[in-house]
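Okay, structure first, notes after.
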Protein chains: 2
Amino acid sequence: MARPAKFTLAEIRREALALVDRDGLAGLTMRGLAAALKTGPMTLYNYVDGKESLEELVVDAVASEVPPVAVTSDWAADLTVAATGLWATVRLHPAVIPLVLTRRTSTSASLRPAEDIASALARSGRTGFDLLVAFRAVMGFVMGIAQAELAGPLTSHIDPRQEATDLASIAGEANPTLAQLSQLAGEDARREFDEGLRILVLGLARERAPEGGSPENRI
Amino acid sequence: MARPAKFTLAEIRREALALVDRDGLAGLTMRGLAAALKTGPMTLYNYVDGKESLEELVVDAVASEVPPVAVTSDWAADLTVAATGLWATVRLHPAVIPLVLTRRTSTSASLRPAEDIASALARSGRTGFDLLVAFRAVMGFVMGIAQAELAGPLTSHIDPRQEATDLASIAGEANPTLAQLSQLAGEDARREFDEGLRILVLGLARERAPEGGSPENRI
DNA sequence: ACCTGAACACCGTTCAAGT
DNA sequence: ACCTGAACACCGTTCAAGT
């Protein structure tokens, strides 16, 4: 909150993200980051208000890496580009995903990827509640699937305390469909995302424009 | 991992969930739970392997509250029921949502809600990769939107350090669409979910069955 | 076998004192 | 004004000792 001299906020942000990328979310500690910067822990308090604020900085760092989206006359294409850009970027920093899912406060810069998605949907002609629903559906899908890839019903292993290691055979009895799916999961994450998004956009386009999905008007 | 006498694992599970519901995720500590149970912290280690295992217990507790789904001949209806049941249940325990999004290990019982969803989708005639994609899309949507309600681009406030409190006016300049949406967000969460799910199911049904969405075969 | 206090190696953050 | 060590109030968990 001050403008001191020993470090730059950008330096701290970069080092914090690097720390999370390297050691995971648990590795992001005030003391650990201070050590990485070769200072005492208290020095960081000259740059951030505390742990919460530090986490926000990390979310910011990731958001700033999401590529900007050019606006064309095809809202569905723009939406796909925006959603894919967000997904691909957070995937580069998997440990940060729980943080972006969890942060209750954001910088206006870190909201830009979401704004790009909302704006593409607005150009489908949606307004008000319809726009809200579409936005929630797309954001939910993008972030939900990004996180599900890391930790979800299909991510490896059942509880290790159940004596047996083969997921297919263990979860298999109680959960046969999941057991089957778990063998395919993660083989081609990009295609999983692309196809899922396509289905969602299909639903969005169908609901809006029974015939073709070209833009209608702006709000 | 043993079968001691002072408590029941079910008692510990119940108390742990109650603790999280009351004090949030940060309130779930080995020491805090022990205190709530009026024992020393070490006693808990006779029932769970450690913190991770305790968190899993809490996820289990929530999953066990998800209502079972009856199988009918209408896969889309079953899917809607299953997805809605999961969403409604996790919403009763909002502090647990980050935990269920994050757990990398699960009990076969806690996978049942996901199995119900996967199974409904399988009854749409999907197999293999197509089934995987549909499953990921639905799970991503359900959990993503549940979490987004708590913390997401539309949840109140911009960073408080930016001097101004009105989200609409602050985020508004940089993110006009979000600013507009934030005024509607959360007014009727149930309708947001229902409509979003409808769009997704619409996409799923259209992709599968150009004419009508009745079940085709089982896998 | 089940239980549990003491102790260790960590946290974030307040406070007070340095320059 | 910016910096920072010492100290406090917490964590999870190991270890050793109890019954």
Side-chain angles (χ1 to χ4, degrees), chain A residues 1-13 15-20 22-60 95-96 98-99 102-105 159-161 163, chain B residues 1-13 15-20 22-60 95-96 98-99 102-105 159-161 163:
Chain A
M1 280 306 74
R3 277 169 202 82
K6 195 170 182 183
F7 301 108
T8 259
L9 192 59
E11 283 169 350
I12 293 184
R13 195 178 87 160
E15 192 67 35
L17 179 56
L19 195 62
V20 176
R22 192 178 344 111
D23 300 340
L25 208 47
L28 184 68
T29 65
M30 298 293 282
R31 297 173 110 106
L33 178 57
L37 290 165
K38 295 171 196 301
T39 350
M42 283 310 109
T43 304
L44 292 177
Y45 285 83
N46 293 303
Y47 301 84
V48 289
D49 285 344
K51 185 84 187 297
E52 288 253 310
S53 168
L54 179 61
E55 290 174 347
E56 194 185 315
L57 210 56
V58 172
V59 172
D60 249 47
V96 182
L99 230 45
T102 270
R103 276 322 63 201
R104 261 184 357 281
T105 159
D159 191 315
R161 285 171 311 183
E163 279 97 44
Chain B
M1 280 309 72
R3 276 167 203 83
K6 196 170 183 182
F7 301 108
T8 259
L9 191 59
E11 284 169 349
I12 293 184
R13 196 178 84 160
E15 192 67 36
L17 179 55
L19 195 63
V20 176
R22 192 180 341 111
D23 299 339
L25 208 45
L28 183 68
T29 65
M30 298 294 282
R31 297 173 110 107
L33 178 58
L37 290 165
K38 296 172 196 300
T39 353
M42 284 309 107
T43 304
L44 292 177
Y45 285 84
N46 291 303
Y47 301 84
V48 290
D49 284 345
K51 185 84 185 300
E52 287 254 308
S53 168
L54 178 61
E55 290 174 347
E56 195 185 315
L57 210 56
V58 172
V59 171
D60 248 47
V96 182
L99 230 46
T102 271
R103 278 321 61 204
R104 261 182 359 279
T105 158
D159 191 315
R161 285 170 312 182
E163 277 98 45

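In what follows, every chain begins at residue 1, and chains take the letters A, B, ... in the order their sequences are listed.
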OG1 (Thr43(A)) and NZ (Lys6(A)) are apart, to the nearest 0.5 Å, by 5.0 Å
Separation between CZ (Arg22(B)) and CG (Leu28(B)), nearest 0.5 Å, reads 11.0 Å
- Message: Under 4.0 Å from OP1 or OP2 of dT4(D): is there any side-chain N or O of Thr43(A) that close?
- Response: yes
CZ (Arg13(A)) and CG (Leu17(A)) are apart, to the nearest 0.5 Å, by 8.5 Å
Separation between CG (Leu37(A)) and CD (Glu11(A)), nearest 0.5 Å, reads 8.0 Å
From CG of Asn46(A) across to C1' of dC2(D) the rounded distance in Å is 6 Å
For DNA chain C, consecutive-pair runs of 3 or more (Watson-Crick or G-U wobble, both H-bond-type distances under 3.5 Å) give C:4-8 with D:12-16, C:12-16 with D:4-8
Side chain to side chain contact (heavy atoms under 4.5 Å, CB included) filter on Val59(A), not counting sequence neighbours, yields Leu99(A), Val100(A), Arg103(A)
Residues in residues 33-40 of chain A with a heavy atom under 4.0 Å of DNA chain C, by number, are none
Residue set satisfying side chain to side chain contact (heavy atoms under 4.5 Å, CB included) with Thr29(B), at least two apart, ordered chain then number -> Arg31(B)
Per-nucleotide protein contact along nucleotides 8-15 of chain D, 5' to 3', at a 4.0 Å heavy-atom cut-off (B base, S sugar-phosphate only, - neither), is ---BBBB-
- Should the heavy atoms of other residues, nucleotides or ligands under 6.0 Å from CD of Glu52(B) be counted, would the total exceed 12? no
Any donor-acceptor N/O pair, Tyr47(B) side chain to Ile12(B) backbone, under 3.5 Å: no
From CG of Leu44(A) across to P of dC2(D) the rounded distance in Å is 16 Å
- Would you check if Leu9(A) and Leu57(A) make a side-chain contact, meaning some heavy-atom pair closer than 4.5 Å? yes
d(Leu44(A) CG, Leu33(A) CG) to nearest 0.5 Å is 5.0 Å
